[in-house]
Every structure is written in C-alpha cells, then in structure tokens.
S.K.: 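Here it is: the structure, laid out below.
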Amino acid sequence: HIRNTDWDIIIVDAPAGWGDKYPCRMKSIYETYNLTKNLDKVDIFVHDSQRDIEDKYCNYFLTPNYKLIDEVLDPEGTEFAGRKLSHFKK
C-alpha cells in the first residue's frame, strides 16, 4: 500500500547515523527513490546530507533524477553547526 501512494513530500531524517553502531540513512534514501521514481512531482528533504554515506546515496539515487533546489546548513556557533538539509524536487 505504501508504494502505491502519490507522495507530495518525503522527509528523510532517520535512522540515526552519527556513529559506527548506527545504520545511517542509506535504506531511507533508497526507499525514497523507490517510492517516488514513478511520480510526476514530489519534494524530498534529506537531513544530515553532509555525511559521507548520505551524500553518496543522494548523489547516486536523487541527483540524476531530481533537481537539487537548495541546501541549508546549520550556522556556525550553534549546537549542530555544519549539519545540512538538502531539498530535491521532481
């Protein structure tokens, strides 16, 4: 049922990936691609896309098929400085 839904927006913000014992967002980015590849339009937001594996998966699955609209960094001097939110659109 979930794959037959016409999604407007998908937010990728899990699972955690900030340490070796956490799986990162590889599966979530891959499944986002599967859920949206046949849609005419959709907005996708990927949090923590500055991390190496998230960046690689976004580049492989999303960048060739969706337009990168914007990337927002948490400002320096804040608790989460350097973390990035990427917005893709189809």
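Everything numeric here is computed off the predicted structure, so don't read it as measured data.
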S.K.: Could you tell me if the side chain of Ser49 sits less than 4.5 Å from the side chain of Leu85, heavy atoms only?
M.R.: no

S.K.: Would you say that Lys84 contacts Val72 through its side chain, given a criterion of any heavy-atom pair below 4.5 Å between the two side chains?
M.R.: no

S.K.: Does some side-chain heavy atom of His47 sit less than 4.5 Å from a side-chain heavy atom of Ile11?
M.R.: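 Not touching, per the 4.5 Å side-chain cut-off.
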
S.K.: Any side-chain heavy atom of Glu31 within less than 4.5 Å of one from Met26?
M.R.: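 Answer no - side chains too far apart.
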
S.K.: Below 4.5 Å, heavy atoms only, C-beta onward: do Val46 and Phe88 meet side chain to side chain?
M.R.: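 Yes, at least one pair of side-chain atoms sits under 4.5 Å.
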
S.K.: Under the criterion side-chain hydrogen bond (donor to acceptor under 3.5 Å, both in side chains), which of Asp74, Thr78, Asp48 is the partner of Arg83?
M.R.: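 The single option meeting the side-chain hydrogen bond (donor to acceptor under 3.5 Å, both in side chains) with Arg83 is Asp48.
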
S.K.: Check for a donor-acceptor pair, side chain of Ser28 on one end and backbone N or O of Ala14 on the other, with a separation under 3.5 Å.
M.R.: yes

S.K.: Do Asp6 and Leu39 have side chains that get closer than 4.5 Å, going by heavy atoms?
M.R.: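 The answer is yes, as the side chains (C-beta and beyond) meet within the 4.5 Å cut-off.
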
S.K.: Check the orientation of Phe61 and Tyr33. Use parallel for under 30°, tilted for 30 to 60°, and perpendicular for over 60°.
M.R.: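 Tilted: the ring planes of Phe61 and Tyr33 meet at 30° to 60°.
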
S.K.: Return the OG1 to CH2 distance between Thr32 and Trp7, rounded to the nearest 0.5 Å.
M.R.: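 If I round to the nearest 0.5 Å, the distance is 9.5 Å.
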
S.K.: Going from CG on Leu35 to CD1 on Ile44, what distance comes out if it is rounded to the nearest 0.5 angstrom?
M.R.: 9.0 Å

S.K.: What heavy-atom pair brings Ser86 and Glu71 nearest, and what distance separates the two atoms?
M.R.: OG-OE2, 3.3 Å

S.K.: Say whether, by atom type as modelled, one donor and one acceptor occur between the side chain of Asp55 and the main chain of Arg51 under 3.5 angstrom.
M.R.: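 Pair absent, no side-chain N/O of Asp55 close to backbone of Arg51.
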
S.K.: Look at Arg25 together with Asp13 and state whether they make a salt bridge at an N to O cut-off of under 4.0 Å.
M.R.: yes

S.K.: Please find the pair of heavy atoms, one from Lys90 and one from Thr36, that lie closest to each other, and give the distance.
M.R.: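 In terms of heavy atoms, the two residues are closest at NZ-O, 3.3 Å.
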
